[in-house]
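Nothing here was measured: the structure is a model prediction, and the numbers come from that model. Numbering of ligands and ligand atoms starts at 1, following listing order.
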Amino acid sequence: MSVIYNRVALIGLGLIAGSMAHAMRRAGLATEITGYARSPETRQVAVEIGLVDRVCATAAEAVTDADLIVLAVPVGAMGQVAEEIADHLKPGAVVTDVGSVKRAVIEAVAPHMPEGVHFIPAHPLAGTEHSGPRSGFAELFDNRWCLLVPVEGSDEAEVARLAGFWQALGSNVDVMDADHHDLVLAVTSHAPHLIAYTMVGVADDLRRVTDSEVIKYSAAGFRDFTRIAASDPTMWRDVFLTNKQATLEILGRFTEELFALQRAIRLGDGDHLHAYFTRTRAIRRGIIEAGQDTDAPDFGRAVARRKAAETG
Ligand code: NAP
């Protein structure tokens with residue numbers, strides 16, 4: 001693979017930026033990667049593990065002379081970071097972000113972008129419940145989608161170059177409008193996270209009654225909720241504060257459906273329940289056919305355990 005952007009600056013050095021650094025190196029996409037994170041601790045870890053070529057003491061220093069600047073901080077910090085770097089961007093540079101919400105990021109960042117700098121928002125649909133500079137890995141984006149959300153007047157050639165960059169990181173790329181993005185993500189990611197947070201919270205309340213049973217017998221569906229509910233609290237606080245409207249819309253619909261299922265249970269309406277669960281099972285099949293998850297039972301955990309036991 002060949003270099004797509006000579007110098008790349010990563011602002012924020014957590015899961016997403018770290019994974020981008022690893023994947024860029026895997027494919028040889030940049031000649032120099034600089035990085036900056038807010039805390040000296042994170043910057044120190046990044047130096048220790050050689051996460052990027054040069055860790056800088058300020059965001060301004062990291063972006064100086066950079067051809068691509070990636071804002072990989074929580075959504076609520078995007079505006080402040082954009083303001084910090086604005087005067088240090090070189091003409092013709094591309095600024096992108098990886099924020100999980102798009103309309104709010106555009107509103108926070110675009111006003112700070114100087115003339116001659118290309119701002120092209122993006123969102124890789126890939127992540128884990130881990131965060132911080134040690135959590136990244138090169139394969140995170142492989143065969144996952146990255147959505148580009150160009151703003152009015154975005155240069156088409158630069159959008160195509162950024163698309164090529166994400167493809168070289170392993171992703172499939174689509175282009176989407178910001179409001180549509182925020183609604184789709186409210187359905188596929190944001191509302192499910194809130195539901196998982198709630199379910200784990202309810203179980204935690206219950207634990208006070210049932211002692212350790214909730215943890216001891218958590219092999220069923222609950223364990224998967226706990227993985228999602230272990231996601232970074234700052235990131236998810238910002239997602240809900242900034243994708244308010246779409247999330248509330250989806251939660252409203254969710255509540256209506258929940259009441260309908262609750263009613264079916266009360267009335268003993270097995271046909272309703274069976275038809276509903278048949279429909280939802282087909283959705284899982286669609287996700288597997290689209291190559292977005294494994295078909296192995298229990299997400300492949302049993303197979304992984306058996307292999308680990310075999311290899312000693
Ligand atoms: P993360 O692992 O928690 O890393 C966030 C990084 O941002 C840290 O290095 C943090 O530095 C830095 N940071 C926070 N506030 C800052 C500020 N004001 N100035 C400079 N640096 C600051 O988070 P992540 O999972 O990589 O998420 C980064 C972005 O990607 C978020 O916008 C999130 O919505 C989006 N995203 C996340 C996922 C996911 O599943 N995790 C998936 C797709 C997109 P310190 O360590 O010094 O605090």
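No part of Arg43 comes within 4.0 Å of ligand 1, judged by heavy-atom distances. Residue contacts with ligand 1, taken as heavy atom pairs separated by less than 4.0 Å, involve Met78 solely via side-chain atoms from C-beta onward. With a 4.0 Å cut-off on non-hydrogen atoms, Gln80 touches ligand 1 through its side chain and not its backbone.
In summary, the side chains of Glu249 and Gln245 do not present any donor paired with an acceptor at a separation below 3.5 Å, with no hydrogens or angles considered. Side-chain contact check for His190 and Asn243: at least one donor-acceptor pair (N or O, by modelled atom type) lies under 3.5 Å.
The shortest non-hydrogen separation linking Ala93 to Ile69 is CB-CD1, 3.9 Å. Taking all atoms of both residues into account, the shortest heavy-atom contact from Ile228 to Ser231 is O-OG, 2.7 Å. Here the shortest heavy-atom pairing between Val101 and Val75 reads N-CG2, 4.1 Å.
A donor-acceptor distance shorter than 3.5 angstrom exists from the side chain of Arg43 to the backbone of Arg38, with no hydrogens or angles considered.
Protein heavy atom in closest approach to atom 36 (N) of ligand 1: Ser100 OG, 3.4 Å. Protein heavy atom nearest atom 26 (O) of ligand 1, with residue, atom name and distance: Ile16 N, 2.9 Å. At the shortest separation from atom 43 (C) of ligand 1 among protein heavy atoms lies Pro124 O, 3.2 Å. Closest to atom 25 (O) of ligand 1, if we only count protein heavy atoms, is Leu15 CB, 3.7 Å. In this structure, atom 45 (P) of ligand 1 lies nearest to the protein heavy atom Thr42 OG1, 3.4 Å. Annotation: atom 44 (C) of ligand 1 to nearest protein heavy atom, Val98 O, 3.1 Å. Of the protein's heavy atoms, Ala72 O, 3.9 Å lies nearest to atom 5 (C) of ligand 1. At the top of the distance list for atom 14 (C) of ligand 1, counting protein heavy atoms only, stands Pro74 CD, 3.3 Å.
Taking 4.0 Å as the cut-off, Ser19 does not count as a neighbour of ligand 1 on heavy-atom distance. Look at Ile11 and you'll find every heavy atom at least 4.0 Å from all atoms of ligand 1. Distances from ligand 1 to the non-hydrogen atoms of Asp97 include no value under 4.0 Å.
Remark: Arg25 engages Asp53 in a salt bridge, criterion side-chain N to carboxylate O under 4.0 Å. A salt bridge is defined here as a Lys NZ or Arg NE, NH1 or NH2 lying under 4.0 Å from an Asp or Glu carboxylate O, and Arg253 with Glu256 fails to meet this definition.
Between Ile16 atom CD1 and Ser100 atom OG the span is 7.5 Å, to the nearest 0.5 Å. From Ile120, atom CD1 reaches atom CD1 of Ile106 across 11.5 Å, with rounding to the nearest 0.5 Å. Taking CG from Leu29 and CD from Gln167, the interatomic distance works out to 11.5 Å, rounded to the nearest 0.5 Å.
Taking a cut-off of under 4.0 Å to the non-hydrogen atoms of Gly12, the atoms of ligand 1 that pass are 6 (C), 7 (O), 9 (O), 12 (C). Near Ser131, with a cut-off below 4.0 Å to any heavy atom, the atoms of ligand 1 are 1 (P), 2 (O), 3 (O). Less than 4.0 angstrom separates some heavy atom of Gly127 from each of these atoms of ligand 1: 39 (C), 40 (O). Close approach of ligand 1 to His123 is summarised as follows: ligand atoms under 4.0 Å from at least one heavy atom of the residue are 43 (C), 44 (C).
Of the N or O atoms in Gly99, none lie within a sub-3.5 Å distance of an N or O in ligand 1. Checked against a 3.5 angstrom limit, the closest N/O atoms of Arg38 and ligand 1 fall inside it. Looking at ligand 1, you won't find any N or O of Val239 less than 3.5 Å from one of its N or O atoms. Considering both main-chain and side-chain atoms, Leu13 comes within under 3.5 Å of ligand 1 through a nitrogen or oxygen pair. On a distance-only criterion, Tyr36 and ligand 1 share no N/O pair closer than 3.5 Å.
Closest heavy-atom approach to atom 31 (C) of ligand 1 among the candidates Val70, Leu125, Val73, Val81: Val73. For atom 4 (O) of ligand 1, the nearest non-hydrogen atom from the set Ser39, Gly14, Ala62 comes from Gly14.
Identified under the salt bridge (charged side-chain N to carboxylate O under 4.0 Å, His left out) test for residues 166-183, with sequence neighbours left out: Arg103-Asp179.
Tyr36 pairs by the ring pair (Phe, Tyr, Trp, His ring centres under 6.0 Å) definition with nothing, not counting sequence neighbours.
Note that atom 22 (C) of ligand 1 has protein non-hydrogen atoms nearby, at separations under 4.0 angstrom.
Between Phe240 and Tyr197, the ring planes lie perpendicular to each other; the angle is over 60°, past the 30° to 60° tilted range.
A cation-pi arrangement is present between Arg279 and Tyr276, with the terminal nitrogen or guanidinium carbon under 6.0 Å from the aromatic centre and inside a 45° cone about the axis.
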